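Chain letters run A, B, ... following the sequence lines, proteins first and then strands; every chain starts at 1. Computed from a prediction, not measured in an experiment: that's the story for all the values here.
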Amino acid sequence: MLDIALLRTSPEVISRSMERRGLDIPLGDLVGMEARIRKLRHQADQLRASQRSLGKEIATLTGDQKQQAIQRARSMSNRIKEMNSQTNADSEEFYQQWHTLPNLVDPTAAEGLTEEDSEEIKRVGEIPRFDFQPADHDSLGETLDVIDTKRAAKMAGSRFGYLKGKAALLEFALIQWSMDHLVEAGLVPMVTPVLVREMALFGTGFFPGDRQQVYEVPADDLFLAATSEISLAAYHADEILNPDDLPLRYAGFSSCFRREAGTHGKDTRGIFRVHQFDKVEMFSFTRAEDSATEHERILGLEEKLVQELELPYRVVNVAAGDLGASAAKKYDIEAWFPSWNTYREITSCSNTTDYQARRLRIRMKAPGGNRLVHTLNGTAVAIGRVIIALLENHQQSDGSVVMPKALLPYLGFDRIDPP
RNA sequence: GGAGAGGUGGCCGAGCGGUCGAAGGCGCUCGCCUGCUAAGCGAGUAGGGGGUUUGUAGCUCCCUCGAGGGUUCAAAUCCCUCCCUCUCCGCCA
């Protein structure tokens with residue numbers, strides 16, 4: 001959610017940002033609506049003030065005088081109720097629109113509207129050359145008997161997978177290995193709830209915009225979190241943080257659930273895009289002036305992890321039009337996938353500035369009034385995607401897959417061989 | 001799932017229709033005092049929004065005592081709905 005003050009003082013800033021996202025939003029209507037609401041509310045406030053002081057007088061009066069005063073107060077009260085129901089209706093209409101406005105785009109976010117407009121920042125690592133025809137992760141998973149999507153489909157439908165045998169162990173190693181790094185970097189490890197309230201989804205900007213991507217548990221008014229970003233962000237909802245404690249950094253592990261609505265026919269093979277996967281996620285709460293630096297730090301941590309996994313990758317600055325509602329700027333790390341002969345996203349980190357903090361009311365003590373903090377999130381390990389990137393990039397001519405050195409202390413084996 | 005208790009400021013806790021955004025205590029901040037520390041003394045100490053204003057100053061108004069609705073001239077106090085927490089019993093990883 002944006003600062004309403006901005007709508008009053010410089011709506012052109014908002015317009016320019018919406019343009020960069022490729023959105024055409026008639027701000028004029030909002031400006032007028034907001035001014036009207038504020039004016040009417042102020043009038044009602046003034047009337048309420050008189051009513052209240054009259055009310056105090058009533059307490060001291062008796063007899064006729066009292067009855068007359070009560071009469072006057074009653075009509076004031078009725079008038080105020082009318083005014084309030086009008087402003088409440090207007091205000092609801094206003095916020096319905098206001099809540100859908102995405103965050104202001106950072107000046108340094110890449111120009112453009114689509115994924116193709118991402119700005120490549122760098123490429124790191126050697127793309128593997130195979131002297132045989134490399135297999136894709138789906139067939140590798142099947143021949144090695146470590147990923148089973150067929151039986152998953154029978155059991156739960158499409159876009160699910162079983163991790164089996166050494167792939168299952170690989171997941172646990174990835175979790176422990178990444179957590180060790182993140183704890184070392186000062187993050188507080190967390191295992192977070194996956195069932196969340198609407199408030200948390202609204203607060204993080206997934207609602208109302210991406211509602212169709214989220215699984216719902218209607219009997220209990222809960223939702224399955226699409227990422228632990230949601231539960232980590234809302235962890236400090238409604239709190240006023242001590243600036244001396246900032247930045248607060250967390251590493252959350254959880255399963256993630258996504259309906260993948262509107263992706264029919266896309267990435268149908270294997271487990272690149274599934275309804276459920278596990279993920280280690282980083283999340284930071286910072287002072288406003290520190291969020292840009294924090295964003296680079298998170299990217300740095302992500303790169304370090306991908307490098308240790310010996311995966312070739314590139315970093316892209318995501319185009320303005322391709323940003324999520326809450327992000328002002330986003331970096332994706334895309335790992336090389338031999339079977340697609342291209343780079344595909346395996347991590348993503350966003351600076352959401354004060355957009356989520358405003359919705360979740362997360363502030364910090366500051367002289368002259370509390371200030372909103374900034375929030376940032378980034379993928380440490382999207383386990384499914386990392387596993388398939390490892391399978392594809394580290395496959396050998398004999399059909400086996402060699403594990404990266406960094407994981408060996410966590411694994412108990414150094415390769416996955418065909419059965 | 002059954003029975004009961006309760007949700008008030010950073011915390012504890014009083015208030016149960018009017019002058020209450022709210023006694024008292026603890027904590028915290030600033031000042032005084034005291035060789036130092038402790039103790040003591042004094043002052044301050046919730047959040048959000050609006051108006052005024054060059055103003056993150058001052059003044060002022062409104063809202064907020066779990067959330068939402070209602071009764072009333074007037075609600076922390078009365079009524080309704082919901083949410084949450086705690087205790088006991090049952091069930092359960």
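Comparing B:rG9 with B:rA67, their P atoms sit 10 Å apart, to the nearest whole Å. Separating the C1' atom of B:rG90 from that of B:rG4 is a span of 15 Å, rounded to the nearest Å. Nucleotides B:rG25 and B:rG15 place their C1' atoms 15 Å apart, quoted to the nearest Å. Distance noted for atom C1' between B:rC61 and B:rG6: 35 Å (whole Å).
Proximity of A:Arg72 to the phosphate of B:rC73: no side-chain N or O atom is located under 4.0 Å from OP1 or OP2. In this structure, A:Lys365 does not reach the B:rU29 phosphate: none of its side-chain N or O atoms is under 4.0 Å from OP1 or OP2. Residue A:Ser75 places none of its side-chain N or O atoms closer than 4.0 Å to OP1 or OP2 of B:rC73. Taking only side-chain nitrogens and oxygens, A:Arg52 never comes nearer than 4.0 Å to OP1 or OP2 of B:rC61. Between A:Arg41 and B:rG51, a side-chain N or O to OP1/OP2 separation shorter than 4.0 Å is absent. For the pair A:Gln51 and B:rA74, the criterion of a side-chain N or O lying under 4.0 Å from OP1 or OP2 is met.
Using cut-offs of 30° and 60° on the angle between ring planes, the pair A:His275 and A:Tyr215 is perpendicular.
Taking the six-membered ring for Trp and the full ring otherwise, the centers of A:Phe202 and A:His99 sit less than 6.0 Å from each other. Checked against a 6.0 Å centroid threshold, the rings of A:Tyr250 and A:Tyr235 count as neighbours.
As rounded to whole Å, 18 Å separates atom P of B:rA67 from atom CD of A:Glu198. Across the protein-nucleic acid pair, A:Leu195 atom CG and B:rC84 atom C1' stand 17 Å apart, rounded to whole Å.
Pairing for B:rA23 is absent, with no Watson-Crick or G-U wobble pair whose two atom distances lie under 3.5 Å.
Between A:Arg197 and A:Ala44, the residue anchored nearer the 5' end of RNA chain B, judged by the nucleotide with its closest heavy atom, is A:Ala44.
At a threshold of 4.0 Å, the pair A:Arg79-A:Glu82 counts as salt-bridged, since one of the basic side-chain nitrogens sits closer than that to a carboxylate oxygen.
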